[in-house]
Protein chains: 2
Amino acid sequence: MTLKQLKYLIAIVDSGLNITAAAERLYTSQPGISKQLKQLEGELGMQLFTRKGKSLAAITPAGEEVIDRARRVLREVENITSLSRELKGEQTGTLSIATTHTQARYVLPEVIQAFSERYPKVDLELHQGTSEQIAELINTHQVDFAIASGSRKLFSNLKVLPIYHWNRIALVPKGHELAQDKRALTLQSLAAYPLVTYVFSLTGESSFKQAFQAEGLDPRVAFTARDADIIKTYVRMGMGVGIIASMAYECRDQDDLKAIDATGLFPRITTWLGFPKDMVLRSYMLDFIHLLAPHLPLGIIREAAKAETPEALEALLGDVELPVRGGCPEDSAAAA
Amino acid sequence: MTLKQLKYLIAIVDSGLNITAAAERLYTSQPGISKQLKQLEGELGMQLFTRKGKSLAAITPAGEEVIDRARRVLREVENITSLSRELKGEQTGTLSIATTHTQARYVLPEVIQAFSERYPKVDLELHQGTSEQIAELINTHQVDFAIASGSRKLFSNLKVLPIYHWNRIALVPKGHELAQDKRALTLQSLAAYPLVTYVFSLTGESSFKQAFQAEGLDPRVAFTARDADIIKTYVRMGMGVGIIASMAYECRDQDDLKAIDATGLFPRITTWLGFPKDMVLRSYMLDFIHLLAPHLPLGIIREAAKAETPEALEALLGDVELPVRGGCPEDSAAAA
DNA sequence: CGCGTTTACGTCGTTCGTAACGATA
DNA sequence: TATCGTTACGAACGACGTAAACGCG
């Protein structure tokens, strides 16, 4: 068995069982791939693919398992080359991140700008999706970092660092009744209006309904959308009161919208960053985390990355007070 | 980078940085090893070893990391060949187990006998040691299975299956005061005698002292030993009352010793079996677990081995009632 | 001078790409 | 007939082992 054989195997699979395509991807000849595959199958003494005539038709059950293991081998080999680049002080490589719309749109832009200024040779990849899609990407090692909020159940295989807390805000058109009300916002007053908020199943949204139910309220959710931009649009149209993450309220929204702090009405939510346990962290990755969470000292991030158990990580992070993130700093309501 | 280079690298390390020895171990020529190592270092662009003249003197820090990753690669390659053997239905291979004296001496013999009858071509290796030594062996992947009791803190990286429960018994010479006493044993009556028990730091022994302290008792521990055989000897000599695991009481001990059930006085202890999360489990390994824990259906063991999270494993095992293991079945006190 | 590594070199095996062939839809 | 995989073949490369040289203790 050689690394080349395993690489070829994975290339074939990732090319849809098309050996010719795999050959092109690898800048080599097609018969070479064929031969190596035969050799690998011969050595293992099993068919990794079912054949339909001469073409590969499907992966055998045994093949699936071998492919899974082969991917691990290649990942670790990647890790070794990654290590060597790191130890030579090269600041080249890639950083791929999977995250939600809220982070991608309201939090990451300035982080990424600062990052790519400091590391112009690092290729950045940003994937946006639902929690489930993010989990899929990080669990199959297609991305390096996952940044999400709330539920960690889908991400139990990761090392996870808390980044910051946030609360929800209520969003109304300027001049709306609620905007005039000087008293603190309550769930009861909110429940009197149709609500516009995120689609459920996203980060901790179950806590949204629970908060109302705990007070015996059953608010009407007029509309749900995947991201705050759309919610804002519908709030402007007067569809109802928007309930969004505090970070999603921008200063220029002040022109026609008013944010009302809803801290305390709903549970506080933590945004965290996770990465596979056995991944080699390049120094630019540590720096990215530091840019994203400046309140975490680089030393602690470095240690946390090495921590073997969640407990050891807890111990390291015990003292750190996470900031609560708001949106527009000029607006006292959102910056609470 | 090739697998050969990584294999050679590990062989060099495991031969004490002696390239000639590594060559012999690998049944190849010494210059070949040298050349491959040079090539690997060249490709990685770093020194993996410091040289003293021409000899290898030590591993560089960078080398340590590369070696660590290289071991992982080779492990996964092992896993692939393991898979292929398994899927071809071969019942050959090795099974190495690290465990404590109690298991090795009183529990495993009959399991191993049955196992090696059924799988004569599987090589068995049994390592005996303290919890710490067992943790070291399994965490460095030098053994396949760890079998131990009590604390799982040292073994957080493993998949763990509970095997059975056990309690402690008090052991006295035949004719001892306590043996005559018809009333149920209490901590108080125990504390009146010098005690002989396991050395602390072993499985859950901290709970031993705690049990007494909870009742404000401070027993005198006259003697501690690593295993029950030695404890029995000293109990026979009249050094004190022995406190040992129920399994360690054998029928032939009845000749001159008397076991008194101590269930309830100390916390019940669970013996479990653990193995590395990413290990390929050969079918004979599953069978070994089944022989060790016949009350766990093979189907459940198979599923448990595949479970990704501890929670999924809990769910599978939720219904299973573990037996409480005693020693000599003829003795009602020990077989409680 | 012995031990261990490196260098040098000839041999052998393997891989690679091109080209031709075969099978399938 | 177009697509895709296999077979065939010659050239080039690389690995291996033997033998000799080198450096260190």
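Keep in mind that the numbers below use all heavy atoms, side chains included, and drop hydrogens, waters and symmetry copies. Letters go in sequence order (proteins before strands), and every chain restarts at 1.
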Hey, does the side chain of [X] reach the backbone of [Y] with a donor-acceptor pair shorter than 3.5 angstrom?
{"X": "A:Lys159", "Y": "A:Ala307", "value": "yes"}
{"X": "B:Ser34", "Y": "B:Pro31", "value": "no"}
{"X": "B:Glu86", "Y": "B:Ser283", "value": "yes"}

Exercise for the section: Could you check if a side-chain atom of A:Val143 sits within less than 4.5 angstrom of a side-chain atom of A:Phe145, using non-hydrogen atoms only? Expected result: no
Handout entry: A:Leu281 and A:Ile301, any side-chain heavy atoms less than 4.5 Å apart
Key =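 No, every pair of side-chain atoms sits at 4.5 Å or beyond.
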Fill in the blank from the handout: By side-chain contact (heavy atoms from CB on, under 4.5 Å), B:Arg118 pairs with (sequence neighbours left out) B:Asp287, B:Leu291
Handout entry: Set of residues satisfying side-chain contact (heavy atoms from CB on, under 4.5 Å) with respect to A:Glu43, sequence neighbours excluded
Key =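 Partners of A:Glu43 by the side-chain contact (heavy atoms from CB on, under 4.5 Å) criterion, ordered by chain and then number, come out as A:Met1, A:Gln5.
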Exercise for the section: On DNA chain D, reading 5' to 3', which nucleotide is the first and which the last to sit with an atom under 4.0 Å from a heavy atom of chain A, could you check? Expected result: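 From 5' to 3', the first and last contacting nucleotides are D:dC4 to D:dT7.
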Problem - Between the first and last five pairs of the helix from C:dC1-D:dG25 to C:dA25-D:dT1, the angle of the axes, rounded to 10 degrees - result: 30°
Pairs under 3.5 angstrom, nitrogen or oxygen only, protein versus nucleotides 23-25 of chain C, please.
none

Heavy atoms of other groups near [X] [atom1], more than 12 under 6.0 Å:
{"X": "B:Gln142", "atom1": "CD", "answer": "yes"}
{"X": "B:Gln113", "atom1": "CD", "answer": "no"}
{"X": "B:Glu78", "atom1": "CD", "answer": "no"}
{"X": "B:Lys88", "atom1": "NZ", "answer": "yes"}

Problem - Contact state string [nucleotides 8-19 of chain C, B base, S sugar-phosphate only, - no protein heavy atom under 4.0 Å] - result: -------BSBBB
Handout entry: Derivation of the side chain to side chain contact (heavy atoms under 4.5 Å, CB included) call for B:Thr130 and B:Arg226
Key = CA-CA 9 Å; B:Thr130 64; B:Arg226 182 144 297 170; 3.9 Å; yes
Exercise for the section: Identify whether any heavy atom of A:Leu17 sits under 4.0 Å from a base atom; if not, whether one sits that close to sugar-phosphate; answer base, sugar-phosphate or nothing. Expected result: sugar-phosphate
